[in-house]
Amino acid sequence: MQSMEAHRKIALVSPYDHAFHGGVADHINSLAAQFREWGHTVKIVAPCKSADAIDDDDFIPMGRAVPIPSGGSIARVSFSVWLKPQIKQMLEREAFDVVHFHEPFAGLISKDMLSLIDPMESTAIGTFHTYEGTRLYKIGAKHLAMPYFRMLQGRIAVSLPAHRFISRHFPGDYEIIPNGIQVDDFADAEPFEHLKSDGMINLLFLSRLEKRKGLKYLLGAFSRLKWEWPNLRLLVAGGGEPDADSLRILSERNLQDVVFLGRVSDEDKFRYYKTADIYCAPATGRESFGIVLLEAMAAGTPIVASGIEGYSSVITHGREGLLVPPKDEDALADALATLLKDATLRRRLATAGTMNVQEYRWERVARRVMDCYDASRDAWLDSVSRRAVGMEG
């Protein structure tokens, strides 16, 4: 059993401002919670605009972050060159058994930590999350990062697309371990009764309002569907502002029953997935993994999504959802119409989704990560032993 496993002291290191919501921060927080439940000591190390914003006594703030464009979004990372003495003191004080870097080559914190870790004392692991997320690798930064890449004793990619991207720049052995999800939070949520009982059909878009998330294509499809389904409602949840094309479509087509909810809390997010009759993810690309699809599956909500690489690695067309070509308003409308007309198909997709998502429970994902720590350490020690024998020979 997990509880019989030797206690470990683990650092989960993020290059991103931990006060801002994001996929990597969510991943780290959930992984930390699962490891702590198993009795391990876990410290999260990351830049932060204000340590008071983090409700975690074991959070170690490390510098401040600045916003930079990345993969169609904004990443807040630290490029401080003054943190090395602070990092050195922290590593000596904490004496971690495992230091697990997430996106190791974003910002400078991971580079400084890798240069100071004693590989005989601490196992260095790197997880790569993004897909086509940065131009730095293409302009020579990978040559600067390669020595630090070789210091990683174990490497994880969160999906096949993420693996294909990172291995082009840093060839090597990777374990593919997906993101996890707190399945029961979504499965046990209660829908918003006032939205379920008013005779409307609820279509949900839940994502940051960035252009690459494809809201304008969903609005275009929605405008077509409203003629046949006047009781169709589109719920738009997520931080940010609609792009200019989305605003134009809303105005020119005088769309009714589009409700902008803004950023929602985690508890409300669970409930909106439960409220939705269909979840739609029309992203145009640069998604390494479909965490929003897992969330919809956990809630038992049928899905229509773009057939981009990150999404098609999570669901199979016709089994857990329907996939359509990205940026194709007509195909998106046709797929949504197919589900609107066929309640039996909606139930079948939802049932398959609830079964598929069980593999992504955090306790299963975290177990695989812990196994990777052990296997990476064993393989590294074995390689050191073989090199020593070769030198003696």
Side-chain angles (χ1 to χ4, degrees), residues 8-38 40-51 53-65 70-71 73 75-78 87 90-91 94 96-114 117 122-131 133 152 154-159 162 166 175-182 185 208 266 269 288-289 291-292 294-295 360-373 376:
R8 289 177 175 82
K9 189 170 188 181
I10 301 166
L12 300 179
V13 184
S14 172
Y16 304 124
D17 191 324
H18 208 62
F20 284 84
H21 174 79
V24 173
D26 290 347
H27 181 107
I28 288 173
N29 288 334
S30 296
L31 192 59
Q34 187 62 61
F35 286 164
R36 288 166 180 164
E37 185 176 320
W38 289 339
H40 302 293
T41 299
V42 182
K43 303 291 182 80
I44 297 173
V45 182
C48 186
K49 65 175 183 179
S50 171
I54 307 299
D55 184 20
D56 185 342
D57 292 339
D58 284 328
F59 175 72
I60 301 175
M62 195 59 64
R64 289 180 170 269
S70 176
S73 183
R76 293 171 174 84
V77 300
S78 173
I87 290 172
M90 182 265 294
L91 290 173
E94 299 292 344
F96 294 112
D97 300 302
V98 178
V99 182
H100 186 169
F101 300 94
H102 293 262
E103 288 302 335
F105 306 133
L108 296 180
I109 291 174
S110 297
K111 176 191 74 68
D112 287 341
M113 288 186 72
L114 277 167
I117 287 174
S122 302
T123 302
I125 303 292
T127 288
F128 297 87
H129 293 258
T130 60
Y131 173 59
L152 296 171
R155 298 139 190 160
I156 298 169
V158 300
S159 65
I166 197 63
E175 181 82 12
I176 297 177
I177 303 177
N179 289 297
I181 183 175
Q182 302 290 0
D185 287 341
R208 295 187 303 275
D266 284 343
K269 177 175 71 171
S288 67
F289 190 80
I291 194 72
V292 290
L294 297 184
E295 293 173 346
Y360 298 89
R361 285 183 173 273
W362 262 113
E363 54 266 34
R364 296 188 181 186
V365 172
R367 177 68 264 170
R368 293 183 61 188
V369 173
M370 189 64 72
D371 289 345
C372 180
Y373 293 169
S376 299

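Please read these numbers as outputs of a predicted model, since none were measured by experiment.
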So Ile181 and Tyr360, do their side chains get closer than 4.5 Å, heavy atoms only?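 When only atoms from C-beta onward are counted, Ile181 and Tyr360 do touch, with a gap below 4.5 Å.
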
Quick one: are Asn29 and Leu12 in side-chain contact, heavy atoms under 4.5 Å?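 The answer is no, as the side chains (C-beta and beyond) never meet within the 4.5 Å cut-off.
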
Rounded to the nearest 0.5 Å, what separates atom [atom1] in [X] from atom [atom2] in [Y]?
| X | Y | atom1 | atom2 | answer |
| --- | --- | --- | --- | --- |
| Ile177 | Asp371 | CD1 | CG | 8.0 Å |
| Gln182 | Asp266 | CD | CG | 10.5 Å |
| Ile156 | His102 | CD1 | NE2 | 7.5 Å |
| Ile28 | Ile44 | CD1 | CD1 | 6.5 Å |
| Met370 | Ile125 | CE | CD1 | 11.0 Å |
| Cys372 | His100 | SG | NE2 | 7.5 Å |

Quick check against the 3.5 Å criterion: does Glu103 have a side-chain atom that pairs as donor or acceptor with the backbone of Thr130?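 Yes; at least one donor-acceptor contact below 3.5 Å.
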
Check whether Arg368 reaches the backbone of Ile176 with its side chain - one donor and one acceptor, N or O, closer than 3.5 Å.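 Indeed, once roles are kept as given, a pair shorter than 3.5 Å links the two residues.
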
Side chain to side chain contact (heavy atoms under 4.5 Å, CB included) between Arg367 and Trp38: does it pass, once the steps are laid out? CA-CA 10 Å; Arg367 177 68 264 170; Trp38 289 339; 4.1 Å; yes

Kindly give the heavy-atom pair with the smallest separation between [X] and [Y], and that separation in Å.
| X | Y | result |
| --- | --- | --- |
| Phe101 | Met113 | CE2-CB, 3.6 Å |
| Gly180 | Ile291 | O-CD1, 3.5 Å |
| Ala46 | Phe59 | O-CZ, 3.5 Å |
| Met62 | Ile109 | O-CD1, 3.3 Å |
| Ser110 | Pro104 | CB-O, 3.0 Å |
| Val365 | Asn179 | CG2-O, 4.0 Å |

Glu94: what forms a side chain to side chain contact (heavy atoms under 4.5 Å, CB included) with it, not counting sequence neighbours?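 In terms of side chain to side chain contact (heavy atoms under 4.5 Å, CB included), with neighbours along the sequence ignored, Glu94 is linked to Lys9, Lys43, Ile60, Met90, Phe96.
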
State which residues pass side chain to side chain contact (heavy atoms under 4.5 Å, CB included) with Ala162; sequence neighbours excluded, sorted by chain then number.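 Listed in chain order: Ala157, Val158, Ser159, Ser288.
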
Taking the inter-plane angle between the rings of Phe35 and His40 on a 0 to 90° scale, is it parallel (under 30°), tilted (30 to 60°) or perpendicular (over 60°)?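 It falls in the perpendicular class, over 60°.
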
